Amino acid sequence: MKNIKSAQSDLVNDTCNDCGSYADIGAVIDEHDTQLVMTFSGDSAKADAEAMQEKATKRFDELTTEIKSENSQVTLLLNFAFSAEKMIFQLENSI
């Protein structure tokens, strides 16, 4: 066990023998990872982007959004206040 701990990166904090945790949560979640970029295509691209935008704005108060259209693609930018909000939204919507 001592050899394993000494070989670990500083980002890893494996101190839990019971749960088998292998990474410090701060090494997995970047606090600055707050922007979600979604691209839609097809005939309903604009409507799909607007529907997702509405879903996100109803769920999170401090969210800022932007929709960009280029050629046949529509890009939705969602800027969350916190990285946890982004993760929650992705999990809730299977993204």
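Since this is a predicted model, take the numbers as computed values, not measurements. We use all heavy atoms of the structure for the numbers below, so side chains are in, but hydrogens, waters and symmetry mates are not.
Grouped by direct or indirect side-chain proximity (heavy atoms under 4.5 Å, Ile/Leu/Val/Met/Phe/Trp/Tyr only), Leu91 sits alone.
Here CG of Leu77 is found 9.0 Å from OG1 of Thr64. Values are rounded to the nearest 0.5 Å.
Two residues are said to be in side-chain contact when any heavy atoms from C-beta on lie closer than 4.5 Å; Ile67 and Thr75 fail this criterion.
In terms of the salt bridge (Lys or Arg N to Asp or Glu O under 4.0 Å) criterion, residue partners of Glu92 (sequence neighbours excluded) are, by chain and number, Arg59. Residues satisfying the side-chain hydrogen bond (donor to acceptor under 3.5 Å, both in side chains) criterion with Glu54, sequence neighbours excluded, are Lys58.
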**Prompt:** Run the side chain to side chain contact (heavy atoms under 4.5 Å, CB included) check on Lys68 and Val74 step by step: do they pass?
**Reply:** CA-CA 6 Å; Lys68 297 179 180 181; Val74 176; over 6 Å; no
**Request:** Please report the C-alpha distance between Phe60 and Ile88 in whole Å, then the side-chain angles of each, then the deciding distance to 0.1 Å, and finally whether the side chain to side chain contact (heavy atoms under 4.5 Å, CB included) criterion is met.
**Result:** CA-CA 10 Å; Phe60 300 100; Ile88 291 166; 4.1 Å; yes
Contacts under 3.5 angstrom, residues 78-87 side chains, donor-acceptor by atom type, not counting sequence neighbours:
from	atom 1	to	atom 2	distance (Å)
Asn79	OD1	Gln35	NE2	2.9
Ser83	OG	Asp30	O	3.4
Glu85	OE1	Ala81	N	3.2
Lys86	NZ	Asp33	OD1	2.6
Lys86	NZ	Asp33	OD2	3.2
Lys86	NZ	Gln35	O	3.2

Identify each donor-acceptor pair in which a side-chain atom of residues 41-53 lies under 3.5 Å from a protein atom, sequence neighbours left out, and give them as a table.
from	atom 1	to	atom 2	distance (Å)
Ser44	OG	Asp48	OD2	2.9
Gln53	NE2	Thr65	OG1	2.6

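Residue pairs satisfying the ring-ring contact (aromatic ring centres under 6.0 Å, His included) criterion with at least one member in residues 31-56, sequence neighbours excluded, are absent.
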